[in-house]
Amino acid sequence: MLKVGICDDGEQFACTLESYILQYAEINSIKVDIQVFTLPEKLLSHIQKEGVFDLLFLDIQLGKMTGVELAKELRSDLKNEIMQIVFVSAFQHYALQLFDIRPFNFLVKPIEYKDIEYIMDEYSKLYKFLPNYFEYSIGKQSFKINTQTIIYFQSCGKKVRMVTQDGEKEFYGKLSDIILRINENCFCAVHKSYVVNIRYVSRYGADSVLMVNGETVPVSRSMRGSVNKYIMEND
């Protein structure tokens with residue numbers, strides 16, 4: 001089931017948005033659970049108690065706490081990169097101020113069904129509406145982890161170092177094999193020894209990328225072209 005949150009102080013708009021999502025879900029046979037909030041404080045309290053949504057539609061103008069401030073708290077203080085945020089505003093100029101928050105998309109009010117259809121189609125293409133797990137083994141034990149929590153993979157000789165939101169793990173394997181098992185829309189090989197989760201890239205440079213956890217990952221000369229192409233295709 002897809003968990004969707006809507007936070008907008010305009011009840012009529014929130015109702016319209018909810019109806020569009022439900023319409024999309026019915027047409028595409030998708031189960032959704034939608035929670036609507038008019039106050040950012042109540043949304044934050046819900047997330048802290050119940051966990052994050054898969055997809056959050058967040059108004060920018062919310063009163064005392066703006067949608068931007070709330071999103072920054074979710075990204076930095078709660079260190080959450082899994083929840084995809086779609087900002088909503090009547091003013092298009094806000095779009096340029098949101099890069100550091102890494103939004104999934106930006107909608108300008110008023111919206112039509114086709115706008116929500118596009119957002120949901122894009123989400124479906126990237127995440128298939130289902131948790132995507134990566135499986136690995138340490139010794140005789142097998143584990144699986146939600147790929148959205150993985151920041152990057154690093155090849156270390158015969159082992160692979162996997163850095164996640166909750167720490168890091170090492171296991172025997174080849175990066176070339178891992179690339180075949182992860183979503184190419186979410187991960188990008190930037191070096192023969194590194195594959196990064198694009199959601200965790202804070203800044204791109206000519207010879208490196210800065211991850212949201214503060215680590216710098218090198219970009220090899222031979223892969224700069226493919227990395228630039230990836231950025232343009234997924235921007």
Side-chain angles (χ1 to χ4, degrees), residues 1-4 30-33 47 50-56 74-76 78-86 101-105 120-204 208-220 223 226-227 229-231 233-235:
M1 179 176 291
L2 183 72
K3 295 175 61 179
V4 179
I30 299 166
K31 292 183 179 180
V32 294
D33 176 23
I47 289 174
E50 306 293 334
V52 298
F53 295 96
D54 297 305
L55 191 60
L56 173 65
L74 291 170
R75 290 290 192 239
S76 59
L78 298 183
K79 300 188 184 305
N80 178 268
E81 294 287 337
I82 297 176
M83 182 167 60
Q84 302 306 307
I85 301 174
V86 177
I101 303 172
R102 299 168 293 285
F104 185 74
N105 215 312
M120 301 300 283
D121 281 347
E122 285 297 296
Y123 187 91
S124 175
K125 182 176 73 174
L126 291 173
Y127 302 110
K128 309 299 182 186
F129 294 115
L130 293 170
N132 188 10
Y133 293 97
F134 173 75
E135 297 187 13
Y136 63 98
S137 298
I138 298 179
K140 294 183 179 180
Q141 288 187 299
S142 296
F143 304 89
K144 66 178 182 178
I145 182 174
N146 190 320
T147 55
Q148 292 188 58
T149 67
I150 300 171
I151 299 175
Y152 68 85
F153 293 98
Q154 178 187 5
S155 177
C156 301
K158 295 182 179 180
K159 287 188 175 184
V160 172
R161 174 174 170 253
M162 180 175 65
V163 178
T164 76
Q165 285 187 327
D166 301 318
E168 58 183 74
K169 300 289 184 182
E170 278 195 354
F171 51 89
Y172 286 100
K174 296 181 180 179
L175 210 56
S176 57
D177 294 334
I178 290 175
I179 292 174
L180 299 176
R181 296 160 51 199
I182 53 180
N183 191 333
E184 63 180 8
N185 293 311
C186 301
F187 289 86
C188 178
V190 297
H191 188 281
K192 67 178 182 179
S193 298
Y194 290 90
V195 173
V196 302
N197 187 334
I198 202 71
R199 295 301 306 174
Y200 290 92
V201 175
S202 176
R203 186 174 67 244
Y204 294 94
S208 65
V209 291
L210 178 65
M211 310 305 292
V212 296
N213 65 351
E215 293 188 51
T216 299
V217 174
V219 175
S220 65
M223 291 189 177
S226 60
V227 171
K229 181 181 178 182
Y230 183 96
I231 294 169
E233 291 178 347
N234 292 273
D235 188 19

Discussion item. With a 3.5 Å distance limit and no angle check, can you tell me whether D33 reaches the backbone of K3 through a side-chain donor-acceptor pair?
Written reply: no
Item to complete: Given side-chain contact (heavy atoms from CB on, under 4.5 Å), test F134 with I182 step by step and report yes or no.
Response: CA-CA 7 Å; F134 173 75; I182 53 180; 4.1 Å; yes
Discussion item. If I take atom OG1 from residue T216 and atom CZ from residue R203, how far apart are they, to the nearest 0.5 angstrom?
Written reply: 7.5 Å
Worksheet entry | Exceeds 12 heavy-atom contacts within 6.0 angstrom, atom OH of Y172 | no
Fill in: Distance, nearest 0.5 Å, that separates CE of M162 from CD of Q154
13.0 Å
Worksheet entry | Value rounded to 0.5 Å, distance of CD1 in I150 from OH in Y133 | 11.5 Å
Practice prompt. Measure the shortest side-chain to side-chain distance between H191 and V217 over non-hydrogen atoms and say whether it is less than 4.5 angstrom.
Written response: no
Worksheet item: With F153, which of L175, N197, V163 fulfils side chain to side chain contact (heavy atoms under 4.5 Å, CB included)?
Response: L175
Practice prompt. Provide the closest heavy-atom pair for A189 versus I179 in the form atom of the first, atom of the second, distance.
Written response: CB-CD1, 4.4 Å
Fill in: Qualifying salt bridge (charged side-chain N to carboxylate O under 4.0 Å, His left out) pairs, either residue in residues 159-172, two or more places apart
R161-E168, R161-E215
Response to the item:
Tightest non-hydrogen contact, residues S137 and F171, listed as O-CB, 3.2 Å
Worksheet item: When the ring planes of Y136 and F143 are compared, do they come out parallel, tilted or perpendicular, using 30° and 60° as the limits?
Response: parallel
Practice prompt. Run the numbers on I30 and M120 for side-chain contact (heavy atoms from CB on, under 4.5 Å), then give the verdict.
Written response: CA-CA 11 Å; I30 299 166; M120 301 300 283; 5.8 Å; no
Discussion item. Working to the nearest 0.5 angstrom, can you tell me the gap between Q165 CD and I145 CD1?
Written reply: 9.0 Å
Item to complete: Give the minimum heavy-atom separation between V160 and G173, together with the two atoms involved.
Response: CG2-O, 3.5 Å
Discussion item. A side-chain contact here means heavy atoms from C-beta on lying under 4.5 Å apart; do I178 and F187 qualify?
Written reply: no
Worksheet entry | Residues I85, F104; criterion side-chain contact (heavy atoms from CB on, under 4.5 Å); working and verdict | CA-CA 5 Å; I85 301 174; F104 185 74; 5.8 Å; no
Worksheet item: Should M223 and V190 be marked as a side-chain contact (heavy atoms from CB on, under 4.5 Å) after you check the CA-CA gap, both sets of side-chain angles, and the distance that decides it?
Response: CA-CA 6 Å; M223 291 189 177; V190 297; 5.6 Å; no
Worksheet item: Are side-chain heavy atoms of V86 and Y123 found at a separation under 4.5 Å?
Response: no
Worksheet entry | Euclidean distance, E122 CD relative to L55 CG, rounded to 0.5 Å | 12.0 Å
Response to the item:
CG (D54) and CD (Q84) are apart, to the nearest 0.5 Å, by 9.0 Å
Practice prompt. State, with a plain yes or no, whether a side-chain heavy atom of Y152 is found less than 4.5 Å away from one of Y200.
Written response: no
Worksheet item: Which pair of heavy atoms, one from G214 and one from L210, lies closest together, and at what distance?
Response: O-CD1, 3.7 Å
